[in-house]
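Only one structure is covered here, and it is reproduced in the block below.
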Amino acid sequence: MSLWNFLVNYRAEIFSRTLEHLLLVAAAMLAAVLVGIPLGIGLVGRQNLRRWVLGAANVIQTIPSLALFGFLIPVPFLGGIGARTATVALALYALLPILRNTYTGIAGVDPAVLESARGMGMTPAQILWDVQLPLSVAVILAGVRVAMIICIGVATIAAAIGAGGLGVFIFRGVAMVSNSVILAGAIPAALLAIGVDLVLGLVEQKLTP
């Protein structure tokens, strides 16, 4: 069966798997952002803690994705077969770029600007929300963009542990030795990554002061 015929005949399943893929990535990114950005802010001025946290995130990034899924399956409350394990694994993969860029953005704010803010009587919380975050938002969003692309790509492996998504077609195509079926999963995943990158790029431009 040609790729075009497969896309037409299985369009309902392709749409359903694409939606599954998006929900999986969205859940993982939400968790990674809620953990990564506050943690990245907290690392500023804490050199010892920064070394350990970024080191751990770097180690996680080097673990092959299928191996990480396998390691998480027996973990109580977090593991098991299905979307929960995949979400945890994807969030862990997304953590490093968000952490690193948040720390880099906040730490890179000009000290003279911070000193001026203190001289105006601003509290540390006001300096963070009104000065540091607005000035570092472009760097933070760049990390979120990288993390999102990583998640979309790695999420295709999640089908191996029953989490669904576009990887279902890729694994099915490998089993059938069918390039058309493989491409039915690979092409939508690539288009998702490109589309998300473009949208986040526009958001980054709008929010950059």
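- Remark: the backbone N or O of Gln126 is paired with a side-chain donor or acceptor of Thr123 at under 3.5 angstrom.
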Apply the test side-chain contact (heavy atoms from CB on, under 4.5 Å) to residues Ile140 and Asn101: give CA-CA distance (whole Å), side-chain angles for both, the deciding distance (0.1 Å), then the verdict. CA-CA 5 Å; Ile140 295 172; Asn101 279 48; 5.5 Å; no
Where do Ile37 and Ile41 land on the side-chain contact (heavy atoms from CB on, under 4.5 Å) test, with the steps shown first? CA-CA 6 Å; Ile37 291 180; Ile41 294 170; 4.0 Å; yes
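- Heavy atoms only, all atoms of each residue included: Val146 and Pro97 are closest at CG1-CB, 4.0 Å.
- Open room surrounds CG on Leu66; 12 or fewer heavy atoms of other groups in view lie less than 6.0 Å from it.
- A pairwise comparison of heavy atoms in Ala32 and Ala94 identifies CB-CB, 3.7 Å as the closest pair.
- To the nearest 0.5 Å, atom CG of residue Leu133 and atom CD1 of residue Ile106 are 4.5 Å apart.
- Side-chain atoms of Asp197 never come within 3.5 Å of backbone atoms of Ala193 as a donor-acceptor pair (strictly under, hydrogens ignored).
- A donor-acceptor pair under 3.5 Å is formed between the side chain of Tyr93 and the backbone N or O of Ser65.
- If you take SG on Cys151 and NE2 on His21, they are separated by 9.0 Å, rounding to the nearest 0.5 Å.
- Note: the hydrophobic cluster containing Val53 does not contain Leu92 (ILVMFWY, side chain heavy atoms under 4.5 Å, direct or indirect links).
- Looking only at distances, no side-chain donor or acceptor of Thr85 sits under 3.5 Å from a matching main-chain atom of Gly82.
- With hydrogens and angles ignored, the 3.5 Å screen pairs no side-chain donor or acceptor of Arg51 with any backbone N or O of Gln47.
- Within the model, atoms OG1 of Thr102 and CG of Leu99 stand 7.0 Å from one another, a figure rounded to the nearest 0.5 Å.
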Please lay out, stage by stage, how Leu114 and Asp110 fare under the test side-chain contact (heavy atoms from CB on, under 4.5 Å). CA-CA 7 Å; Leu114 299 179; Asp110 189 344; over 6 Å; no
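- Listed for the Arg17 side chain is no donor-acceptor partner under 3.5 Å among the backbone atoms of Gly164.
- Checked options Ile182, Leu183, Val8, Asn179; the residue passing with Leu3 is Leu183 (criterion: side-chain contact (heavy atoms from CB on, under 4.5 Å)).
- The CD atom of Gln61 sits 5.0 Å away from the CD1 atom of Ile150 when rounded to the nearest 0.5 Å.
- Contact check for Ile60 versus Leu95: no side-chain heavy atoms found under the 4.5 Å cut-off.
- Shown here are the side-chain hydrogen bond (donor to acceptor under 3.5 Å, both in side chains) partners of Glu204, two or more places apart in sequence or in another chain: Arg145.
- In this structure a side-chain-to-backbone donor-acceptor pair under 3.5 Å is present from Thr18 to Ile14.
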Test side-chain contact (heavy atoms from CB on, under 4.5 Å) on Asn58 and Arg100 and set out the steps. CA-CA 10 Å; Asn58 273 310; Arg100 188 180 294 280; 3.1 Å; yes
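- Remark: Leu202 CG to Leu198 CG distance equals 7.0 Å, nearest 0.5 Å.
- The hydrophobic clustering, which links ILVMFWY residues whose side-chain heavy atoms are closer than 4.5 Å, places Leu68 and Val35 apart.
- Both Tyr103 and Leu49 are members of a single hydrophobic cluster when ILVMFWY side chains are connected at heavy-atom separations under 4.5 Å.
- Between Tyr10 atom OH and Phe169 atom CZ the span is 9.0 Å, to the nearest 0.5 Å.
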